[in-house]
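Every number for a ligand or one of its atoms is a count from 1 in the order of the listing.
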Amino acid sequence: MEDSCERLCSTHFCGDLETRVRSYMEFPGRVSPRDHIAVALSGGKDSSALLLLLHGFQPAWPDVELTAVTVDEGIGGYREETMDAASDLAATLGVRHEIVAFTDLFGKTLDTMVKGRENRACTICGVMRRNALIHAARRIGATKIATGHNRDDEAQSVLMNVFRGDLPRLLQDSSSGGQGCFLPRIKPLSVVSEREILTYLLVRGFYRDLPECPYSSSALRSTVRVLLENFEERFPGTSENLVMLRGSLRQSLPRSVAERGLRPCRECGESSSGEICQTCRIQHLLQD
Ligand code: SF4
């Protein structure tokens, strides 16, 4: 199976998916000799496939180091099982595994942070988790961060930024790290769909049925996701077109514009599109 409607046996399906992800990685600047890649591993299917794939490429890049990084946000009834899945996978592959918890960094679990404002859970979680990931990556001396965003996630992000009227975010490209002072981020699964990832895990025998985050249904993303799924069914290629459109927009602008606004936060020094980064803004909000 493949999204282009080609019918492939399981061996060729896996080979095709691996080739596409590897081509992404081989694009200039994505992986360099002696890189130390912090692989964001939530334990869910995307991040598990990401670690599995990058680990599989390692014989070709013996001097590239991988460390799996799991952020424990503190989400009761959900995180415990996914944390176990993350630890099991890292142990099975023999990849070093680092865990960073919201309680250690911010003094609170996500459940506590969002009490009374559950409808904003994903916004708060996304910002704080990104900060936690950067913190952990710095702590281990990583040179890059790899995340498991797939093509559908990326298409959803494009549409969400359009719906919010957020042009700077739509154009912002953090893949270079911006101005040389932030950790570059790569998204090797952005060339494959969620369906393909699920199939890949099933074929490779790494699929694990895990609970869904209790906050996921309240997010704008979940509405956009359903919308895009309907579009994709009626007009195949919609998601890929959206991602390509963003890429074309970014390419048509000077690099400085795509990186525009990425500067150190006045309070914590982390990457920010304004004077104060979103993590600091949220921390102020949580104190009120
Ligand atoms: Fe965080 Fe929202 Fe994802 Fe749950 S669904 S882990 S709250 S971003």
Specify whether Trp61 and Phe57 have parallel, tilted or perpendicular ring planes, treating 30° as the upper limit for parallel and 60° as the lower limit for perpendicular. perpendicular
So the salt bridge (charged side-chain N to carboxylate O under 4.0 Å, His left out) pairs with at least one residue in residues 53-76 (sequence neighbours excluded) are Glu65-Arg96, Glu73-Arg79, Glu73-Arg129
With Arg225 via side chain to side chain donor-acceptor pair (under 3.5 Å) - residues at least two apart: Glu194, Glu229
Taking atom types as modelled, find out whether Arg20 and Tyr24 have a side-chain donor-acceptor pair closer than 3.5 angstrom. no
Would you be so kind as to tabulate the donor-acceptor pairs closer than 3.5 Å made by side chains of residues 85-92, with sequence neighbours excluded?
unit_1	atom_1	unit_2	atom_2	d
Ser87	OG	Met83	O	3.1
Asp88	OD2	Arg208	NH1	2.9
Asp88	OD2	Arg208	NH2	3.4
Thr92	OG1	Asp88	O	2.7

Would you say the side chain of Met160 lies within less than 4.5 Å of the side chain of Arg221, judging by non-hydrogen atoms? yes
Relative to the heavy atoms of Arg129, which atoms of ligand 1 are at a distance of less than 4.0 Å? 6 (S), 8 (S)
Which protein N, O or S atoms sit under 2.8 Å from atom 2 (Fe) of ligand 1? Cys122 SG
